[in-house]
Amino acid sequence: MLADHDFAVVDLRQYAEVRGLLERGEKASLDALVKKLLGAYLEKEESVRKSNEWERKTLSAAQVTYTALDVLALRELFKHMSQTKERSTL
């Protein structure tokens, strides 16, 4: 487990590529990865995504929901990709 001050960053595009789940140049947006790897549609309101309200100190309920969907999707993608071994580079 990571200490409070430690963190790790994973580039999901690279993580998917080294596992053969995504080809170089293939679209790797969160929506695209969810569709391709999980077979699901990540339904999020376009108006929330394009909102100018993201800099506010308190997020709206719609923004919290939008963000929570991203976190859940990222978690599920990482779990799914982690079950696939890295491709050999030979």
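- Partners of Arg75 under the side-chain hydrogen bond (donor to acceptor under 3.5 Å, both in side chains) rule, at least two apart in sequence or in another chain, do not exist in this structure.
- Here the CG-OG1 distance, from Leu59 to Thr65, works out to 10.5 Å after rounding to the nearest 0.5 Å.
- Note on residues 22-49: no pairs pass ring pair (Phe, Tyr, Trp, His ring centres under 6.0 Å), not counting sequence neighbours.
- For Ser60, the side-chain hydrogen bond (donor to acceptor under 3.5 Å, both in side chains) criterion is met by Gln63, not counting sequence neighbours.
- Hydrophobic cluster of Val18: no remaining members, since no ILVMFWY side chain lies below 4.5 Å from it.
- Listed by first and then second residue, the ring pair (Phe, Tyr, Trp, His ring centres under 6.0 Å) pairs involving residues 47-76 are Trp54-Tyr66 (not counting sequence neighbours).
- Taken to the nearest 0.5 Å, the CZ atom of Arg19 stands 11.5 Å off from the CD atom of Glu17.
- A search for side chain to side chain contact (heavy atoms under 4.5 Å, CB included) contacts involving Asp11 returns Arg13, Gln14, not counting sequence neighbours.
- Clustering of Ile, Leu, Val, Met, Phe, Trp and Tyr side chains at separations under 4.5 Å places Leu77 together with Val10, Leu12, Tyr15, Leu21, Leu22, Leu30, Leu33, Val34, Leu37, Leu38, Leu42, Leu69, Leu74, Phe78, Met81.
- Not a single side-chain hydrogen bond (donor to acceptor under 3.5 Å, both in side chains) links Glu45 to another residue, sequence neighbours left out.
- Sorted by first then second residue, the salt bridge (charged side-chain N to carboxylate O under 4.0 Å, His left out) pairs that include residues 34-44, not counting sequence neighbours, are Glu26-Lys36, Lys44-Asp70.
- With sequence neighbours left out, the side-chain hydrogen bond (donor to acceptor under 3.5 Å, both in side chains) criterion links Glu46 to Arg49, Lys50.
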